Number of protein chains: 2
Amino acid sequence: MLSHKAKYGLKAAFYLARQYEKGPVLISDLAAAEYIPKKFLEHILVELKKQGILYSRMGKGGGYSLAKPPDKIFLGQIIRILDGPLAAVQCVSKSAYVRCVECKDERTCEIRKVMKHVRDATAHILDRTSLADAMHTKLTLTK
Amino acid sequence: MLSHKAKYGLKAAFYLARQYEKGPVLISDLAAAEYIPKKFLEHILVELKKQGILYSRMGKGGGYSLAKPPDKIFLGQIIRILDGPLAAVQCVSKSAYVRCVECKDERTCEIRKVMKHVRDATAHILDRTSLADAMHTKLTLTK
DNA sequence: TTACTAATCTACCATTTCTATAGATTATGT
DNA sequence: ACATAATCTATAGAAATGGTAGATTAGTAA
């Protein structure tokens, strides 16, 4: 399950994408517009800034904006920053591989086999869908 | 991320699948064989039994076994029972739909759009892969 | 009917993670 | 110098997670 944190982060990113090149946005405005607790949002934005997704300025006329154009920011990046690896089991993660302690033989582990497929399928979507894609493309909603 | 609970549950299910039609298996044996804390495993097995995945008998000669053949039990069922819905956001779940409180318009929500794809992709895999499939089929490991 | 076996039930607890808030501080523009 | 707006540090409540303990009930075999 996506945490609130990641959900808020995505919402913020989309909001900033809609304001892209229209000047910086105040945390307060963002929080109010997307119904996100302001103080919580602060933490989220700082993390996204540290990872190069957002840009910010202090003081008068300051605020937050995207550090890159909306078609260069992918949902997978944002989710990994805020929720950690996409993989359902760590032994199948590319960005944060860790061997399962109780695993006797990784090569024959059925769970690993299947979860690797799942990981690849979700990464395939989330690492190719940019903010711009999600906003503009009419993604065919399967039923 | 898959919880330990679900991981243990899957491991237990695969173990019982390998013992299918060879008589009941003791919780203690299962726990020892798969390195699962016995008392914790108890809870997991009960849940899987309640949902019709497993069958059990008390007393001498008792133990646990699969309630259905390994090709009739799908990983998605087990994971849902132990970890809840597969969907990353509830508003996209088929088995446990809940509207997102802060959502202004579900039809235009970008997060929902993308996460629906992700849900469909993972459900497509997990609801079609049976214990037997995962054990026998040589699933092509994508790279 | 007694003894043994093995699952079941109820309750509890420690730890971590998640979500959120408070207040002081630092940077910036005018 | 002043107002503004992000940043930093610390904290705290709530929920989820992982795990344990002990008494109880159901079934088997003698």
Side-chain angles (χ1 to χ4, degrees), chain A residues 1-12 16 19 23-32 34-51 53-67 79 81-85 88-90 96 100-102, chain B residues 1-12 16 19 23-32 34-51 53-67 79 81-85 88-90 96 100-102:
Chain A
M1 271 282 187
L2 211 62
S3 69
H4 279 209
K5 198 171 167 186
K7 206 167 156 189
Y8 291 162
L10 288 171
K11 279 184 184 288
L16 293 176
Q19 307 299 318
V25 174
L26 301 187
I27 297 181
S28 324
D29 292 351
L30 225 176
E34 299 292 334
Y35 308 114
I36 303 172
K38 187 190 162 189
K39 278 292 189 176
F40 193 27
L41 182 57
E42 279 185 20
H43 296 295
I44 295 167
L45 297 179
V46 166
E47 288 188 63
L48 293 177
K49 179 188 179 174
K50 279 185 188 160
Q51 300 301 318
I53 305 288
L54 303 183
Y55 166 84
S56 74
R57 277 181 83 117
M58 285 175 145
K60 192 160 195 174
Y64 271 94
S65 45
L66 294 186
I79 294 175
I81 291 168
L82 299 173
D83 271 2
V89 278
Q90 41 183 210
C100 293
V101 273
E102 3 71 51
Chain B
M1 271 282 188
L2 211 62
S3 71
H4 281 209
K5 197 170 168 186
K7 207 167 155 188
Y8 292 160
L10 289 171
K11 278 184 185 287
L16 293 176
Q19 308 299 319
V25 174
L26 301 187
I27 298 182
S28 323
D29 292 351
L30 224 175
E34 298 292 336
Y35 310 117
I36 303 172
K38 187 190 162 188
K39 276 295 190 176
F40 193 28
L41 182 57
E42 278 185 20
H43 295 296
I44 296 167
L45 297 179
V46 167
E47 287 188 63
L48 293 177
K49 179 188 178 173
K50 279 186 189 160
Q51 300 302 316
I53 307 288
L54 303 182
Y55 166 83
S56 75
R57 278 181 82 119
M58 283 175 148
K60 192 161 194 171
Y64 270 95
S65 45
L66 294 186
I79 295 175
I81 291 168
L82 298 173
D83 271 2
V89 278
Q90 41 182 213
C100 293
V101 273
E102 2 71 54

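Small disclaimer: the values here were computed from a predicted structure and weren't measured. Chain naming here is simple, since letters A, B, ... match the order of the sequence lines and numbering starts at 1 in each.
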K.L.:
To the nearest 0.5 Å, what is the distance between NZ on Lys11(A) and CD1 on Ile44(A)?
P.N.:
12.0 Å
K.L.:
In this structure, how many angstroms lie between the C1' atom of dA5(D) and the CG atom of Leu45(A), rounded?
P.N.:
13 Å
K.L.:
Considering only nitrogen or oxygen atoms on both sides, find all protein atoms under 3.5 Å from nucleotides 11-18 of chain C and state each distance.
P.N.:
none

K.L.:
Distance check needed: dA21(D) P versus Lys38(B) NZ, whole Å only.
P.N.:
12 Å
K.L.:
I need the CE-C1' distance between Met1(B) and dG18(D), as an integer number of Å.
P.N.:
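In whole Å, dG18(D) C1' and Met1(B) CE are 16 Å from each other.
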K.L.:
Could you point out which residue of Ile53(B), Ile27(B), Ile36(B) forms a side-chain contact (heavy atoms from CB on, under 4.5 Å) with Leu45(B)?
P.N.:
Ile27(B)
K.L.:
Let me have the donor-acceptor pairs involving side chains of residues 1-10 of chain A, under 3.5 Å, with sequence neighbours excluded, atom names and distances please.
P.N.:
| from | atom 1 | to | atom 2 | distance (Å) |
| --- | --- | --- | --- | --- |
| Ser3(A) | OG | Lys5(A) | N | 3.3 |
| Ser3(A) | OG | Ala6(A) | N | 3.1 |
| Ser3(A) | OG | Asp83(A) | OD1 | 2.5 |
| Ser3(A) | OG | Asp83(A) | OD2 | 3.4 |
| Lys5(A) | NZ | Glu47(A) | OE2 | 3.0 |
| Lys7(A) | NZ | Glu102(B) | OE2 | 3.4 |

K.L.:
Applying side chain to side chain donor-acceptor pair (under 3.5 Å), can you list everything that pairs with Lys49(A), at least two apart in sequence or on another chain?
P.N.:
Ser56(A)
K.L.:
Rounded to whole angstrom units, what separation is found between the CG atom of Leu2(B) and the C1' atom of dA16(D)?
P.N.:
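In whole Å, dA16(D) C1' lies 15 Å from Leu2(B) CG.
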K.L.:
Roughly, in whole Å, what's the span from CG in Leu48(A) to P in dA6(D)?
P.N.:
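In whole Å, dA6(D) P and Leu48(A) CG are 15 Å from each other.
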K.L.:
Among dG19(D), dA20(C), dA6(D), which nucleotide has an atom closest to any side-chain atom of Tyr8(B)?
P.N.:
dG19(D)
K.L.:
Ser65(B): what forms a side chain to side chain donor-acceptor pair (under 3.5 Å) with it, not counting sequence neighbours?
P.N.:
none
K.L.:
Does a side-chain N or O from Lys49(A) land closer than 4.0 Å to OP1 or OP2 of dT7(D), or not?
P.N.:
yes
K.L.:
Could you state the interatomic distance from CG (Asp29(B)) to CD (Glu34(B)), rounded to the nearest 0.5 Å?
P.N.:
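These two atoms lie 11.5 Å from each other.
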K.L.:
What is the distance from CD of Glu47(B) to C1' of dG18(D), rounded to the nearest Å?
P.N.:
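Answer to the nearest Å: 13 Å.
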K.L.:
Minimum heavy-atom separation for Gly61(A) and Pro24(A), please, with both atom names.
P.N.:
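The pair with the smallest heavy-atom distance is O-CG, 3.2 Å.
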K.L.:
From CD1 of Ile36(B) over to P of dT17(D), roughly how many Å is that when rounded to an integer?
P.N.:
18 Å
K.L.:
Between Ser56(A) and dT7(D), is there a side-chain N or O to OP1/OP2 distance below 4.0 Å?
P.N.:
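Checking Ser56(A) against dT7(D): at least one side-chain N or O falls below 4.0 Å of OP1 or OP2.
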K.L.:
Just the atom pairs and distances: protein N or O near nucleotides 23-27 of chain C's N or O, under 3.5 Å.
P.N.:
| from | atom 1 | to | atom 2 | distance (Å) |
| --- | --- | --- | --- | --- |
| dG23(C) | O6 | Lys39(A) | NZ | 2.4 |

K.L.:
I'd like to check the side chain to side chain donor-acceptor pair (under 3.5 Å) partners of Lys60(B); sequence neighbours left out, ordered by chain and number.
P.N.:
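Per chain and number, Lys60(B) pairs via side chain to side chain donor-acceptor pair (under 3.5 Å) with no residue.
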K.L.:
From CD1 of Ile27(A) over to P of dT4(D), roughly how many Å is that when rounded to an integer?
P.N.:
16 Å
K.L.:
Search all heavy atoms of Leu41(B) against all heavy atoms of Ala12(B) and return the closest pair with its distance.
P.N.:
CD1-CB, 4.2 Å
